[in-house]
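Data first, discussion second: the structure below is written as structure tokens.
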Amino acid sequence: MNTVAPARNDWTIANCDNEPVQTPGCVQSHGVLLVLRRQDLRIRQVTDNAAAVLGQSAEQLQGHGIEAIIGADGQCALLELLHKETADCNPLHLMTLPGPQAGAPGLDVVVHTLDGTVVVEIEPACSAEAAMPDHYAQIKKAVSRLQTVDCLQQFCEVAAAELREITGLDRVMVYRFHTDGHGEVLAESRRADLPSWHGLHYPAQDIPVPVREIFMKTWIRPVVDIADTLANLVPLLNPDTGAPLNMTHCALRGVASVHTEYLRNMGVTATLTMAIRSSGRLWGLIACHHYAGPMHFTHHGRAACEFLAQVVSLQLHAVENNEHRTYRLKIDGVHRALIATTAREGGLVNLIDGTLSLLDGIDADGAALFYLDRWWCIGNTPTEDELDTLGHWLTSTVLAGSAHPLYATDRLTQVYPPAVAFASAVRGLLAVPVSPDGHDPLLWFRPETVHTVSW
């Protein structure tokens, strides 16, 4: 039988898409995790750091009822919660226990159910000296600010700033996934002495597929101490089922060494990550980094951040729709003006040489129109010889006879290898034929947007 927690195995960037992130078999050592049999609430599994956190060893607790930790009143409260609340895959705060020693912080007890078991997480609450932040006031202010912006960039900037104020972390980034899976930092709020990462692009492998799948099921992921030594679940497999514990919804879920090594290389000491979802997909992440040592995130603090991540996700759709509508209105206005000018003055050349040009209607760096047996260009475009070859490829392949005579790509060199010759200027292309036979194409060009990041 395997007794090594999967999170401790030698996962690498090359094979991390196969990493069992849902079943790591270990937890972050600041808290204790217990697995109870649903029928009698007896402890079937417990992490081996129980003595350090609770003052009772894993061996002492095995097989006993949960009242050994939370008392008879606590057990009654747990039974009532399981009867009245929907706890399936839904962590709920049960109670706060007194600290194990005088002056020690209390211990938050959080519970959820999964596959016929009861999963109990016990971790430090706020210290007695620290005042509980007014999360309601913080969230109310953040939501009010988010509702006042209607462009995506400003919306992401506000989200980053508000979450940094709530968490007190050194850097908060809003990270968006592109269609090919790679990510881009759209906005950030950071400590003044830190370098900016705004606008940087990161490969899709930075966020493996299993991690993305988890963020479609849970909203938030805390890592309190990157240098932490993990605590194993004992036994590793549930004695009743022989199965590993699915820790998708566990805040204490252990971290794979490949991930902590990656973060250490950046000087990160603690992280908090939240999902941004839109239209049933993982749109991006809110990634928070800390550099000044471990950072404890209490259950109530995480709940505030989780709620704000949900608000961001809900509001994001409206902001994107509004931005898209504004852009469409601009394009429609320019389109009407160009048609009117062309009809009044005659000839398509006014689309290039007029006061109002094709570049006013679409966000592009260059445009080219084949008209009167020659190319008419504006902005950043390939040479006429390169346009001749490109135009022939378009009209003889993707545009000719197409039921939808419009072609767009953001990877021109991959579909049209000769574009390598002008790749430094052009990577994206939108092509629309002017004539019914697919000839006389109208082309818009965008430049390369690749960034190189060295860790």
Exercise. Is the shortest side-chain N to carboxylate O distance from Lys140 to Glu162 below 4.0 Å?
Worked result: no
Going from [atom1] on [X] to [atom2] on [Y], what distance comes out if it is rounded to the nearest 0.5 angstrom?
X	Y	atom1	atom2	value
Leu94	Asp108	CG	CG	10.0 Å
Phe155	Asn322	CZ	CG	11.5 Å
Cys288	Met295	SG	CE	10.0 Å
Thr260	Asn265	OG1	CG	9.5 Å
His182	Arg176	NE2	CZ	10.5 Å
Met247	Ile214	CE	CD1	11.0 Å

Does the side chain of [Y] come within less than 4.5 Å of [X]'s, by heavy atoms?
X	Y	result
Thr381	Val426	no
Leu114	Cys89	yes
Gln45	Leu34	no
Val143	Arg145	no
Val172	Ile286	yes
Trp197	Leu200	yes
Val118	Leu82	yes
Val46	Gln62	yes

Side chain to side chain donor-acceptor pair (under 3.5 Å) filter on Asp115, not counting sequence neighbours, yields none
Across all chains, not counting sequence neighbours, the side chain to side chain donor-acceptor pair (under 3.5 Å) partners of Ser196 are Glu188
Using the test side-chain contact (heavy atoms from CB on, under 4.5 Å), find all partners of [X] that sit at least two apart in sequence or belong to another chain.
X	value
Asp365	Asn380, Pro447
Pro98	none
Asp40	Arg37, Arg42
Ala304	His135, Ile139

Residues at least two apart in sequence or cross-chain that pass ring-ring contact (aromatic ring centres under 6.0 Å, His included) with Phe177, listed by chain then number, are Tyr175
Under 3.5 Å donor-acceptor pairs involving side-chain atoms of residues 308-316, not counting sequence neighbours:
{"from": "Ser313", "atom 1": "OG", "to": "Arg277", "atom 2": "N", "distance (Å)": "3.0"}
{"from": "Ser313", "atom 1": "OG", "to": "Ala309", "atom 2": "O", "distance (Å)": "3.0"}

Could you list the donor-acceptor pairs under 3.5 angstrom formed by side chains in residues 64-79, with sequence neighbours left out?
{"from": "His64", "atom 1": "NE2", "to": "Gln60", "atom 2": "O", "distance (Å)": "3.2"}
{"from": "Gln75", "atom 1": "OE1", "to": "Glu67", "atom 2": "N", "distance (Å)": "3.4"}

Test applied, side chain to side chain contact (heavy atoms under 4.5 Å, CB included); reference residue, [X]; option that passes from [options]:
X	options	answer
Cys250	Thr218, Val27, Leu33	Leu33
Pro222	Thr273, Leu272, Thr167	Leu272
Thr117	Asn246, Asn238, Thr241, Asp240	Asn238

Grab the two heavy atoms, one from [X] and one from [Y], that are nearest each other, plus how far apart they are.
X	Y	result
Met274	Ile220	CG-CG1, 3.8 Å
Thr409	Arg411	OG1-N, 3.0 Å
Val149	Val319	O-CG2, 4.1 Å
Ala270	Val224	CB-O, 3.3 Å
Leu252	Glu121	N-OE1, 2.8 Å
Cys156	Val174	O-CG2, 3.5 Å

Indicate every side-chain donor-acceptor pair of residues 415-422 with a distance under 3.5 Å to a residue at least two apart or in another chain.
{"from": "Tyr416", "atom 1": "OH", "to": "Leu390", "atom 2": "N", "distance (Å)": "3.3"}

Could you go step by step and tell me if Leu443 and Leu429 meet the side chain to side chain contact (heavy atoms under 4.5 Å, CB included) rule? CA-CA 7 Å; Leu443 312 178; Leu429 168 70; 4.0 Å; yes
Item to complete: Step by step, work out the side chain to side chain contact (heavy atoms under 4.5 Å, CB included) result for Arg264 and Ile226.
Response: CA-CA 7 Å; Arg264 277 197 301 271; Ile226 297 302; 3.5 Å; yes
**Prompt:** Would Asp180 and His178 count as having a side-chain donor-acceptor pair, cut-off 3.5 Å?
**Reply:** no
Does a donor on one side chain sit under 3.5 Å from an acceptor on the other, for His112 and His249? no
Here the salt bridge (Lys or Arg N to Asp or Glu O under 4.0 Å) pairs for residues 220-238, sequence neighbours left out, are none
Between the side chain of [X] and the main-chain N/O of [Y], is any donor-acceptor distance below 3.5 Å?
X	Y	answer
Gln56	Ala50	no
Glu213	Pro208	no
Asn90	Thr86	yes
Asn49	Gly31	yes

Evaluate Leu81 against Leu92 for side chain to side chain contact (heavy atoms under 4.5 Å, CB included), listing each step before the verdict. CA-CA 9 Å; Leu81 180 145; Leu92 300 171; 4.1 Å; yes
With salt bridge (Lys or Arg N to Asp or Glu O under 4.0 Å) as the criterion, how do Arg190 and Glu157 come out once you've worked through the C-alpha distance, each side chain's angles and the decisive distance to 0.1 Å?
CA-CA 11 Å; Arg190 70 186 194 280; Glu157 289 170 359; over 6 Å; no
The complete set of side chain to side chain donor-acceptor pair (under 3.5 Å) pairs with one or both residues in residues 287-302, sequence neighbours excluded, reads Glu123-Arg302, Asp170-His290, Arg171-Tyr291
I'd like to know whether Lys217 forms a side chain to side chain contact (heavy atoms under 4.5 Å, CB included) with Gln22, so could you lay out the CA-CA distance, the side-chain angles of the two residues, the decisive distance to 0.1 Å, and finally the verdict.
CA-CA 11 Å; Lys217 300 174 183 176; Gln22 295 179 322; 3.2 Å; yes
